[in-house]
Undergrad: 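Quick one: the structure is below, questions incoming.
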Amino acid sequence: MEEVVIVGAGIAGLATAVALKKVGVRALVLERSKELRTTGAALGLFANAWVALDALGVSDKLAALYAPMERGYITNVKTKSIQEVHYPGNRNGAQPRAVHRKVLLEVLAEELPPNSIRFSSKITSIETQVEHGLSTCIVMLDDGTIIKSKVVIGCDGVHSIVARWLGLRLPVYSGRSAVRGLSVFPEGHGFDHGHSIQQFVDVGKRAGFIALNDKEVYWFLGATCPPKGVEKGVDPEMIQREVMENLAKDFPPVFLDVVKHSDLSSLTWAPLMFRYPWDILFGNLFRSSVTVAGDAMQPMTPDLGQGGCSALEDVVALGRHLGDSIAKHGKLMTRDIGFAIERHAKERRLRAATLVTASYLSGWVQQDESSRFMRFLRDVIFYGLLLGRVVNGITEYDCGKLPSVSSLPSRESESSI
C-alpha cells in the first residue's frame with residue numbers, strides 16, 4: 001500500500017514526487033525504462049518555470065550551472081534580415097535559462113528518498129475500488145505486481161496510459177516534426193555563452209541553437225514534414241545527414257556547423273503532438289483520486305518553450321492543493337483527496353488550454369511563409385509587436401508556494417515493494 005503512485009519518471013513525475021515530499025508525502029514513482037530517460041538533450045526554462053523550481057527547492061542548484069538567456073536573434077533565411085527579441089526576467093528577478101534535461105532530472109531525483117523510483121515497471125491496468133466507503137486505486141504491472149494507493153498521478157507523457165484511462169482523447173499530430181540534438185565542441189565553440197538564442201526561419205522550417213556552456217550547444221529544427229525515412233526509425237547519422245543535406249541546406253553555415261558537431265547519441269526526431277484545448281477545458285482531467293500532470297495533461301508544440309515550464313507549474317499547483325488538505329488534518333485523508341485534485345484541475349484547465357493554443361498558433365505563424373501576407377504577419381506583427389509581449393505575459397505566471405511540513409508521515413502501512 002502506497003500513499004501516492006506517480007506513473008513516469010520524467011520531469012513532471014520527479015517534480016511531482018519532490019513537491020509531495022515538501023508537503024509531507026512520500027510517493028512511489030513507477031518508470032518503465034531501466035534508468036532515467038535523458039532523451040531531449042536540453043530545454044528552455046522561462047521565468048515561470050524558475051518560480052516553480054524555487055518552490056521545489058532546486059532553483060539555486062540549476063541557476064548556478066547555466067547563464068540567463070537575455071535575448072534572441074531571428075534570421076530570415078531568404079532575406080538575411082535579422083530581428084532581435086528580448087527575454088527579460090519576471091518581476092521577482094527570475095530569468096530564462098536553457099538547461100540539460102539530464103541534469104534537471106538528476107537534480108530532482110537527488111531530492112527524493114532512497115528507493116522512491118522503481119525502474120522497469122510497466123503499467124498494464126488501473127482500477128479503483130471502494131473499501132469501507134473509501135476509494136482505493138489499484139495499479140497492476142506487467143510482472144504481476146499489484147500496488148494499492150490512495151492517489152495515482154499520471155506523468156507518463158504524450159501517450160499517457162493514465163490519460164486514456166481517464167477518458168481523455170488522444171493527442172493529435174500538428175503537421176510538424178522536430179529534430180533535436182546536443183553538439184559538442186571539445187576546443188570550445190566561441191558562441192555567446194547562454195545569453196542569446198539564435199533562430200532561423202524559412203518556408204515551413206524553423207531552427208535554432210543556444211550554448212549551454214563553453215563546449216556544448218543545444219539545437220533544434222522544426223519542419224512541416226519529417227526527414228525522409230526517419231519515421232521508420234533510422235540511425236542518428238541519417239538524421240544528421242538529412243538535416244544538413246536537405247532540411248537545412250540553405251541555412252547559414254553557423255547552424256550547419258553546429259549540426260555537424262552533434263553528439264549522435266543525442267539526436268532525436270519526433271512528431272509534434274498537442275491536445276485540443278477544448279479537450280483540456282471540458283475533458284476528464286481527474287476521476288476519483290486519479291489525475292494527470294505535464295504532457296499527460298496538456299501536450300503542446302514547443303514553439304513558446306512552455307512544455308517543461310507548464311509541467312513544473314502543474315506539479316507545484318497539485319502539491320499545493322494536496323498540501324493544503326494535509327495541513328487541515330495532519331495527514332493525507334482519502335476522503336479529501338478527490339476535492340484537492342478537483343481544485344487542482346479547476347485551477348489548471350484555462351491556463352493549460354491557453355498555453356496549448358498560444359504555442360500552436362505561434363508555430364503556425366513562424367513556419368508559414370507561403371504568402372506576402374503571412375510574411376508580414378510573421379515578421380512585422382508577430383516578431384515585431386507580439387512575441388515579446390506574449391512571452392512576457394505567459395512567463396509572469398506565478399504557480400504559488402508549497403506549504404512546508406517538517407517531516408514525512410509514517411509509512412508503517414506500506415508494502416514491501
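The first residue in the sequence is number 1, and the count goes up from there.
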Undergrad: Answer whether the closest heavy-atom distance between the side chains of F286 and I153 falls below 4.5 Å.
TA: no
Undergrad: How would you list, by chain and number, every residue that makes a side-chain hydrogen bond (donor to acceptor under 3.5 Å, both in side chains) with S160, sequence neighbours excluded?
TA: D156
Undergrad: Could you tell me which residues satisfy salt bridge (Lys or Arg N to Asp or Glu O under 4.0 Å) with K148, sequence neighbours excluded, listed by chain and number?
TA: E131
Undergrad: Between K122 and D143 (salt bridge meaning N to carboxylate O under 4.0 Å), is one present in this structure?
TA: no
Undergrad: What residues form a salt bridge (Lys or Arg N to Asp or Glu O under 4.0 Å) with R164, not counting sequence neighbours?
TA: none
Undergrad: I'd like to know if the side chain of S289 and the backbone of V151 have a donor-acceptor N/O pair within less than 3.5 Å.
TA: no
Undergrad: Kindly assign one of parallel, tilted or perpendicular to the pair Y218 and F220, based on the angle between their ring planes and the thresholds 30° and 60°.
TA: tilted
Undergrad: Decide, yes or no, whether a salt bridge links D54 with K401 under the criterion of side-chain N to carboxylate O below 4.0 Å.
TA: yes
Undergrad: In chain order, what residues pass the salt bridge (Lys or Arg N to Asp or Glu O under 4.0 Å) check against R348, with sequence neighbours excluded?
TA: E313, D314
Undergrad: Salt bridge or not between K150 and E2? Use side-chain N to carboxylate O under 4.0 Å.
TA: no
Undergrad: Apply side chain to side chain contact (heavy atoms under 4.5 Å, CB included) to V51 and list each qualifying residue two or more places apart in sequence or on a separate chain.
TA: N90, D398, C399
Undergrad: Output all residues satisfying salt bridge (Lys or Arg N to Asp or Glu O under 4.0 Å) with K215, sequence neighbours left out; order by chain, then residue number.
TA: none
Undergrad: Check whether any side-chain N or O of S174 sits under 3.5 Å from a backbone N or O of L272 as a donor-acceptor pair, and report yes or no.
TA: yes
Undergrad: Can you list the residues that meet the side-chain hydrogen bond (donor to acceptor under 3.5 Å, both in side chains) rule with T75, with sequence neighbours excluded?
TA: none
Undergrad: Hey, could you give me each pair passing salt bridge (charged side-chain N to carboxylate O under 4.0 Å, His left out) that has a residue in residues 279-291? Not counting sequence neighbours.
TA: R169-D279
Undergrad: Once side chain to side chain contact (heavy atoms under 4.5 Å, CB included) is applied, do any residues pair with A49, and if so which ones, sequence neighbours excluded?
TA: L45, C309, L312
Undergrad: For W50, enumerate each residue passing the side-chain hydrogen bond (donor to acceptor under 3.5 Å, both in side chains) test, keeping only those at least two apart in sequence or located in another chain.
TA: none
Undergrad: S125: which residues meet the side-chain hydrogen bond (donor to acceptor under 3.5 Å, both in side chains) condition with it, sequence neighbours left out?
TA: none
Undergrad: Going by salt bridge (charged side-chain N to carboxylate O under 4.0 Å, His left out), name the pairs with one or both residues in residues 105-116, residues two or more places apart or in two chains.
TA: K61-E111
